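Data first, discussion second: the structure below is written as structure tokens.
None of these values were measured; they are calculated from a predicted model.
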Amino acid sequence: MTWKDFSIIVMGNERKELNEWARTRNLAYIVYLSSTTEKSPKSLKSFWHIPAIDDVEETKEERVLISDDELARTLKLYGAN
């Protein structure tokens with residue numbers, strides 16, 4: 001097994017574990033909603049915040065792609081015209 005294969009397996013296991021935590025959170029939230037007497041119950045994120053799941057959308061927006069000029073310079077630098 002190569003290092004890349006191992007890394008893919010590790011990332012898959014981490015994602016699987018996050019999905020299990022999300023499922024547990026959803027079940028707990030359903031129980032909370034069914035038993036609460038509050039007129040405005042908490043949102044799912046404020047009930048149980050999981051940073052690795054809830055903060056992902058924010059980090060995707062911060063991603064910056066390189067411009068066409070930067071791509072051309074990089075390709076020229078490595079001789080891949």
Side-chain angles (χ1 to χ4, degrees):
M1 176 184 307
T2 64
W3 183 254
K4 183 177 180 180
D5 294 336
F6 176 75
S7 297
I8 291 170
I9 290 171
V10 168
M11 288 171 42
N13 285 337
E14 289 174 353
R15 181 174 294 163
K16 188 177 182 183
E17 185 176 347
L18 278 174
N19 287 338
E20 289 295 322
W21 278 113
R23 182 179 312 158
T24 303
R25 174 176 71 168
N26 288 338
L27 290 172
Y29 189 65
I30 291 170
V31 170
Y32 162 72
L33 289 177
S34 64
S35 63
T36 188
T37 57
E38 298 175 11
K39 291 187 179 183
S40 58
K42 297 178 183 178
S43 68
L44 179 63
K45 289 182 180 180
S46 65
F47 173 73
W48 185 349
H49 183 72
I50 302 174
I53 296 172
D54 297 334
D55 298 340
V56 170
E57 291 134 13
E58 296 172 7
T59 57
K60 284 184 180 177
E61 293 174 1
E62 295 174 4
R63 187 175 65 177
V64 177
L65 301 176
I66 63 172
S67 68
D68 292 336
D69 294 334
E70 291 172 330
L71 177 62
R73 283 187 303 204
T74 304
L75 292 175
K76 184 179 178 184
L77 179 67
Y78 289 103
N81 293 328

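Every residue two or more places apart in sequence or in another chain that forms a side-chain hydrogen bond (donor to acceptor under 3.5 Å, both in side chains) with Ser43 is listed here: Ser46. Judged as a ring-ring contact (aromatic ring centres under 6.0 Å, His included), and not counting sequence neighbours, Tyr78 has no contacts.
Leu75 and Ile66 fall within a single hydrophobic cluster, where Ile, Leu, Val, Met, Phe, Trp and Tyr side chains are chained together by heavy-atom contacts under 4.5 Å.
Atom CG of Leu33 is separated from atom CD of Glu38 by 9.5 Å, given to the nearest 0.5 angstrom.
Chaining together hydrophobic side chains whose heavy atoms lie under 4.5 Å apart leaves Val31 on its own.
Residue pairs meeting the salt bridge (charged side-chain N to carboxylate O under 4.0 Å, His left out) criterion with at least one member in residues 66-75, sequence neighbours excluded, do not occur. Sorted by first and then second residue, the salt bridge (charged side-chain N to carboxylate O under 4.0 Å, His left out) pairs with a member in residues 17-33 read Glu20-Arg23, Arg25-Asp54; sequence neighbours excluded.
Between Ala22 and Ile53, the closest heavy-atom pair is CB-CD1, 3.7 Å. Nearest approach of Thr24 to Trp48, heavy atoms of both residues: CG2-CH2, 3.9 Å.
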Only pairs under 3.5 Å count here: list side-chain donor-acceptor contacts from residues 3-16, not counting sequence neighbours, and write none if there are none.
| residue | atom | partner | partner atom | Å |
| --- | --- | --- | --- | --- |
| Asp5 | OD2 | Thr2 | OG1 | 3.1 |
| Ser7 | OG | Trp3 | O | 3.0 |

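With Tyr32 contributing its side chain and Leu44 its backbone, the two residues share no donor-acceptor pair below 3.5 Å.
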